[in-house]
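Heads up, the thing below is written out as structure tokens.
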Amino acid sequence: MNYNPQEIEKKWQEYWEENKLYQAEDFSKKPKKYILIEFPYPSGAGLHVGHVRGYNSMDAISRKYRLEGFNVLFPIGWDAFGLPTENYAIKTGIHPKVATEKNIANYKRQIKNLGLSFDWSREINTTDPKYYKWTQWIFLKLFEKGLAYQSLLPINWCPSCKIGLANEEVIDNKCERCGTQTTKKEIKQWMLKITEYADRLIEDLAGVDYSDKIKALQINWIGKSLGTEIDFKINDSDEIIKVFTTRADTIFGVKAIVIAPDHPLVKKLITEENKEKAEKYIEESKKKSDFEREKLEKVKTGVFTGSHCLNPVNNEKVPVWIGDYVIAAYGGGAVMVVPAHDYRDYEFAKKYELEIKQVISGGSIDKDAFTDYGTLINSGEFNGLGSEKAIEEIAQWLEKKGLGRKTIKYKLRDWIFSRQHYWGEPIPIIHCPKCGVVPVPEKDLPVELPYIEKYQPTGTGESPLKNVKDWVNVKCPKCGGMAQRETDTMPNWAGSNWYFIRYIDPKNNKELADSKKIKYWMQVDWYNGGYEHTTLHLLYSRFIYKFLFDIGVAPQLEPYQKRTSHGIVLAEDGRKMSKSFGNVINPDDIVKEYGADTLRLYEMFMGPFDQSISWSDKGVKGVYRFLERVWKLALESLENEKTGSRITKALHKLNEKIDSDLEEMKFNTIIAAFMEFINLAIVNKKELGRDSVQKMLILFSPFAPHISEELWKKMGHKKSITLEKWPKYDPSLTKDETIFLVIQINGKVRDRIEADADISEQEAKELAISREKIKTWLRDKEIKKVIFIPRKLINIVV
RNA sequence: GCCCAGGUGGCGUAAUUGGUAAACGCGAUAGACUGAGGCUCUAUGCCCUUUUUGGGCGUGCGGGUUCGAGUCCCGCCCUGGGCACCA
């Protein structure tokens with residue numbers, strides 16, 4: 001009988017589900033493991049082989065943990081609100097709700113075909129009102145604590161999607177979804193104060209097991225920067241411009257202050273004679289997109305306001321300029337120009353004929369700016385100090401006089417939490433003409449998203465919900481007067497902020513989850529997902545979890561003990577898989593042709609887990625051939641009684657290899673080790689006994705569950721292989737009794753001899769110099785030194 | 001510019017963490033099987049030398065440490081990813 005995955009896989013998938021073999025048990029006495037994958041967004045495109053890479057790897061880990069006696073929670077659900085579905089709906093005319101249902105059904109079918117050991121009894125869906133009731137509840141709590149607020153802000157606006165975008169959704173000044181150039185638009189937005197958690201989000205990384213890469217990515221994104229805020233008093237005025245700098249040591253070299261065109265003091269600073277020129281500049285910079293500014297102007301532009309301010313350290317009069325390269329949102333929107341010690345300032349000074357005054361010794365200032373640290377010169381009482389010390393002392397000096405202070409700035413901005421779109425969780429707020437902003441009372445949650453036919457964006461910047469009069473108009477919960485609902489919805493990150501808590505108690509109607517259950521299951525022991533979510537989803541969900549900790553819902557400071565990320569699966573041509581390139585591999589096709597086990601094994605074997613790898617059809621075939629060999633070998637060995645020592649040893653070695661490599665996600669070498677074992681066993685077929693086949697199948701089952709289960713049954717077992725125990729290897733059997741001792745002369749391999757593994761140095765030496773080959777090498781030479789490494793080699797130095 | 005990875009056969013990659021470089025898979029070539037093709041099996045695997053014997057080179061480049069370096073140190077080059085008028 002030939003290996004025929006199409007015949008066996010479906011059968012076992014149904015068997016596993018019917019017998020509830022993968023359901024996690026609350027409060028089980030067994031030790032728990034919470035294994036999490038990023039729940040998929042059910043798009044119209046269907047499951048990607050990249051999803052499969054992450055899922056089946058964590059599936060193998062979950063399966064092994066179960067065999068080892070752990071109570072494993074390995075859940076799945078759907079992150080279904082958001083733009084992709086809405087755009088799909090607009091394109092096809094299928095309502096987002098219907099499209100979501102359809103897409104989920106498709107994903108579910110695809111995922112079930114892979115034989116993953118998810119606990120389907122805990123399936124969740126972020127678009128289910130029973131679920132988003134709690135997403136809204138979290139928002140109310142954030143509002144209550146002052147962490148959700150409204151703000152009129154120039155936001156990134158995509159003219160094509162007609163939607164406001166968070167900074168994180170704008171890439172290269174283009175809309176992340178459609179690629180259209182973004183512009184700015186002022187809208188009243190809901191914001192979340194993630195910046196309040198910036199420090200904790202950095203500090204608490206110390207206590208979790210994330211790779212350095214992931215930690216660095218997050219720390220970079222938060223962009224903490226220590227510096228000094230310096231007050232520059234405006235000449236003949238009480239107004240102060242606060243300037244942020246990391247280089248307070250260069251303050252004696254300041255030759256101008258540049259403020260952003262939208263700095264609050266701009267209007268006051270422009271003098272009558274500069275009015276025309278300055279206002280024209282501001283107008284023009286507003287028109288320019290960020291993209292243009294970056295690409296077209298290497299040398300920064302600016303315009304003089306006509307006003308001056310005073311340098312607090314020496315009362316020098318310094319001109320105030322307006323420059324569109326200064327970002328209003330960062331560091332107070334004002335910078336000090338130190339031409340001698342900053343490249344941009346140097347160019348700026350050359351262009352506008354400002355003085356270049358050197359205050360740090362070093363470099364050649366007539367040629368270019370000198371930006372390194374050094375010793376202060378031309379800096380009054382601070383002359384002679386090193387930069388680092390000077391930064392410290394100047395800050396202290398300023399602080400004493402009330403003219404400046406040490407401060408910390410972050411690149412991380414508060415999180416724009418409003419979307420003017422239909423397909424999202426309604427923000428549970430009511431606007432009352434009398435009482436103002438009123439939160440929807442908890443008892444009235446969820447605020448259900450009404451089913452409407454016109455869900456297209458209005459293009460005015462308002463949500464389509466604005467037109468649903470009988471939904472918008474409500475009584476104010478406070479005064480009972482007529483009021484209106486907030487019509488903005490939440491971004492698609494809202495539901496995924498906390499979903500891992502809902503898996504713990506998915507049907508709870510009173511809380512997000514029962515607190516005892518949360519205590520039992522949290523933290524997530526191991527969370528795997530794509531690198532692309534490192535700065536968005538991962539950071540957001542850590543923030544929300546910290547908030548939940550602060551209000552007593554979450555028991556720990558961090559949600560995820562360990563976070564790993566898989567590399568992207570690229571197309572065979574090395575490019576990203578994309579419909580437009582026509583190079584997409586559909587997992588369905590692979591399952592149909594070769595079976596799920598082949599797909600799973602191939603994706604583990606293709607290369608290092610965290611690395612991007614190109615797909616290879618040839619590689620898939622190679623794995624399929626391997627499975628055919630396993631099948632044939634196992635069936636042919638059923639009648640063998642005893643296992644030879646060579647096979648026994650190899651099996652224990654394999655066992656050891658899996659144990660050590662799986663924790664490190666070295667799936668590729670595990671599969672290679674399996675192949676090696678099978679190759680050995682095929683050559684020594686008669687030595688492969690029944691007991692070893694059995695053990696081999698258990699070891700194989702986390703990786704290729706279907707074929708293992710089928711062969712297990714063919715061996716006469718009545719119970720599922722998933723109920724077996726993970727074998728323990730005997731360390732004494734993983735070591736060889738004889739080895740090939742390598743003989744080196746001057747570090748070069750000259751010979752190798754089979755020898756007893758525990759051969760002594762003396763014996764090894766004697767053996768070595770008795771060899772004809774070695775004798776030739778040693779002729780007429782004097783042995784200076786002999787280095788002997790037990791079990792490995794002997795090196796003769798002549 | 002800054003921060004991460006990484007650079008090993010024709011290709012994807014492996015190397016017990018300083019000890020036989022190329023395991024495993026793919027491809028290629030030759031042979032076996034076949035009427036033929038495919039599948040499968042066996043062998044080969046970079047350069048030099050007369051085939052074997054044997055020897056040399058060899059892990060991006062240049063140095064260094066060491067009995068011994070893909071692995072450690074110093075200096076470069078290149079590729080991929082992330083951030084970026086961030087002051």
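So that the names make sense, note that chain A is the first sequence line, chain B the second, and so on, each numbered from 1.
For the OP1/OP2 pair of B:rA87 and a distance below 4.0 Å, the side-chain nitrogens and oxygens of A:Y325 include no atom meeting the criterion. Between A:R629 and B:rG25 there is a side-chain N or O to OP1 or OP2 distance below 4.0 Å. Residue A:R625 places at least one side-chain N or O closer than 4.0 Å to OP1 or OP2 of B:rU40. Note on A:K785: a side-chain N or O is less than 4.0 Å away from OP1 or OP2 of B:rC67. The side chain of A:Q611 places no N or O atom within less than 4.0 Å of a non-bridging phosphate oxygen (OP1 or OP2) of B:rG81. Between A:K666 and B:rA15 there is a side-chain N or O to OP1 or OP2 distance below 4.0 Å. Here A:R413 does not reach the OP1 or OP2 of B:rC86: none of its side-chain N or O atoms lies under 4.0 Å away. Not one side-chain nitrogen or oxygen of A:N220 sits closer than 4.0 Å to the OP1 or OP2 atom of B:rA84.
Comparing B:rA30 with B:rG80, their C1' atoms sit 39 Å apart, to the nearest whole Å. For B:rC73 and B:rG18, the C1' atoms lie 13 Å apart once the distance is rounded to whole Å. With both ends at atom P, the span from B:rA14 to B:rC2 equals 30 Å, rounded to whole Å. The gap from the P atom of B:rC11 to that of B:rC47 amounts to 13 Å, rounded to the nearest Å. Rounded to whole Å, the separation between the C1' atoms of B:rC78 and B:rA28 comes to 29 Å. Across B:rU49 and B:rC57, the matching C1' atoms stand 13 Å from one another, rounded to whole Å. Taking the C1' atoms as reference points, B:rU59 lies 16 Å from B:rC72, given to the whole Å. Between B:rC24 and B:rA15, the distance separating the two P atoms is 14 Å to the nearest Å.
At a threshold of 4.0 angstrom between heavy atoms, the contacts of A:N668 are confined to the sugar-phosphate backbone, with no base atom among them. At a threshold of 4.0 angstrom between heavy atoms, the contacts of A:T246 are confined to the sugar-phosphate backbone, with no base atom among them.
Under 4.0 Å is where a charged nitrogen must lie from a carboxylate oxygen, and between A:D231 and A:R405 at least one such pair does.
At a cut-off of 3.5 angstrom, counting only N and O atoms as typed in the model, there is a donor on one side and an acceptor on the other between the side-chain of A:Q744 and the base of B:rG19. Checked by distance alone, A:N795 brings a side-chain donor or acceptor within 3.5 Å of a matching partner on the base of B:rC67.
If you check the side chains of A:Y410 and A:D199, you find a donor sitting under 3.5 Å from an acceptor. Side-chain N/O atoms of A:Y281 and A:T301 include a donor and acceptor closer than 3.5 Å.
Cation-pi geometry between A:K213 and A:Y531 is satisfied (NZ or CZ under 6.0 Å from the ring centre, within 45° of the ring normal).
Within a 6.0 Å sphere centred on NZ of A:K224, other residues, nucleotides and ligands contribute more than 12 heavy atoms.
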